[in-house]
Amino acid sequence: MTETPQLGSFVRELTIADVIEETADAKSIVFDIPAGGEDDFRYTPGQFLTLRIPSDQTGSVARCYSLSSSPTEDSQLKVTIKRTVGGYGSNWVCDNAEPGMSMHVLAPSGIFTPKNLDQDFILLAAGSGITPVMSILRSALTQGTGHIVMVYANRDEDSVIFKTELRELQEAHPDRLTVIHWLESVSGLPTAEIIGNLLQPVAAKRHSYICGPTPFMETAKSGLRRSGADMHQIHTEVFSSIDGDPFAEIVIDDSPSEGGEGPAKATVELDGETHEVDWPRSTPLLDVLLAKGIKAPFSCRKGECSACACVLKSGEVEMIHNGILDPEEVEEGYVLSCQLLPKTDHVEVSYSD
Ligand code: FES
């Protein structure tokens with residue numbers, strides 16, 4: 001028998017309201033938001049939920065699934081999950097999820113989310129990469145006024161998730177939305193040259209959001225580069241598997257540093273509030289905040305997902321590990337709070353930028 005690990009106080013429970021068969025190998029899981037839980041589950045389009053999935057071998061594993069629901073249009077949370085060959089989490093959910101079942105989750109998080117919905121967009125998705133893109137698309141169509149070009153690549157017609165919904169959106173917004181379906185069974189894999197040519201008229205001026213398997217994202221990025229896009233305006237969603245247990249309770253190491261120094265001070269801007277906290281020098285900032293009950297966003301707690309990313313405003317820090325931020329993001333000041341240690345006595349960060 002496996003022992004259930006102690007859950008952190010930041011872990012939430014959701015009940016499945018519905019399971020929707022989207023394609024032969026993809027399902028949407030719809031969760032009710034519990035009464036009074038609206039603040040805990042507030043999210044922006046493009047963010048994801050982290051689900052705790054039972055496992056006979058380890059007690060549980062954690063998996064991130066993007067929300068396909070729109071925060072502005074839907075009162076429930078919906079994640080859409082496609083089975084992957086040999087993927088434990090996706091197959092467990094597709095085999096076992098049913099209405100009435102409860103699941104432990106972490107609050108929505110992620111930085112694959114537009115700062116402004118009222119702009120022109122390029123959206124590029126492949127397979128189940130449509131999930132966060134759908135949330136951005138529906139939110140931008142209802143909240144914004146811009147034009148959207150979307151390229152959606154799939155193996156064949158039967159594997160197109162949200163086919164009917166996309167057609168209806170196109171019919172409802174003929175002047176604002178262009179959806180280009182790319183089927184590998186008809187036209188082969190898309191190349192950077194093809195994507196570059198398709199997007200050339202609009203790429204230079206727009207923000208682009210890309211989600212799908214890594215080879216697709218690399219092809220899409222180089223296609224955008226060829227067509228003149230600004231690299232700072234290309235946003236990608238990368239999921240890597242979570243090895244540790246982000247649901248576990250936090251342990252604070254508040255022993256003095258090797259040099260005998262006491263804690264540093266952190267000023268943290270989050271959700272319109274400013275928090276001043278003592279920061280033990282060998283404990284990552286995220287753990288310090290969570291232990292104080294401050295609802296900082298996170299998912300993996302391992303430096304691999306970027307859900308905890310914030311911007312350094314002043315002071316010096318070091319990251320124990322950075323497995324996700326690219327050089328452009330680091331240059332812009334982004335840091336991973338789950339890996340962040342202070343190097344100066346006072347550090348200021350913001351989650352709001
Ligand atoms: Fe995943 Fe920090 S929580 S990188």
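Starting from 1, each residue takes its place in the sequence as its number. Whatever order the structure lists them in is the order used to number ligands and atoms, beginning at 1. Just so it is clear, the values below take in all heavy atoms, side chains as well, and ignore hydrogens, waters and symmetry mates.
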For ligand 1, the portion of [X] having any non-hydrogen atom under 4.0 Å away:
{"X": "Ser299", "result": "backbone"}
{"X": "Glu304", "result": "backbone"}
{"X": "Pro246", "result": "neither"}

Note: SG(Cys308)-atom 2 (Fe) of ligand 1-SG(Cys338) angle, rounded to 10 degrees, equals 100°
Okay, side chain of Asp156, backbone of Asp158: is any donor-acceptor separation there less than 3.5 Å?
yes
Taking the ring of Phe298 and the ring of Phe10, is the distance between their centroids below 6.0 Å?
yes
Using the benzene-type ring in the case of Trp, are the ring centres of His235 and Phe112 under 6.0 Å apart?
no
If we number the atoms of ligand 1 from 1 as shown, the ones under 4.0 Å from a heavy atom of Gly303 are 4 (S)
For ligand 1, which atoms sit closer than 4.0 Å to a heavy atom of Arg301?
1 (Fe), 3 (S)
Just to confirm my numbers, could you give the angle made at atom 1 (Fe) of ligand 1 by SG of Cys300 and SG of Cys305, rounded to 10°?
100°
In terms of side-chain geometry, is the basic nitrogen of Glu269 or Lys313 positioned less than 4.0 Å from the acidic oxygen of its partner?
no
After noting the C-alpha distance and the side-chain angles of Lys82 and Lys27, does the key distance pass the side-chain contact (heavy atoms from CB on, under 4.5 Å) rule?
CA-CA 6 Å; Lys82 184 175 175 178; Lys27 290 184 179 180; over 6 Å; no
Heavy atoms, side chains only, cut-off 4.5 Å: are Thr267 and Lys265 in contact?
no
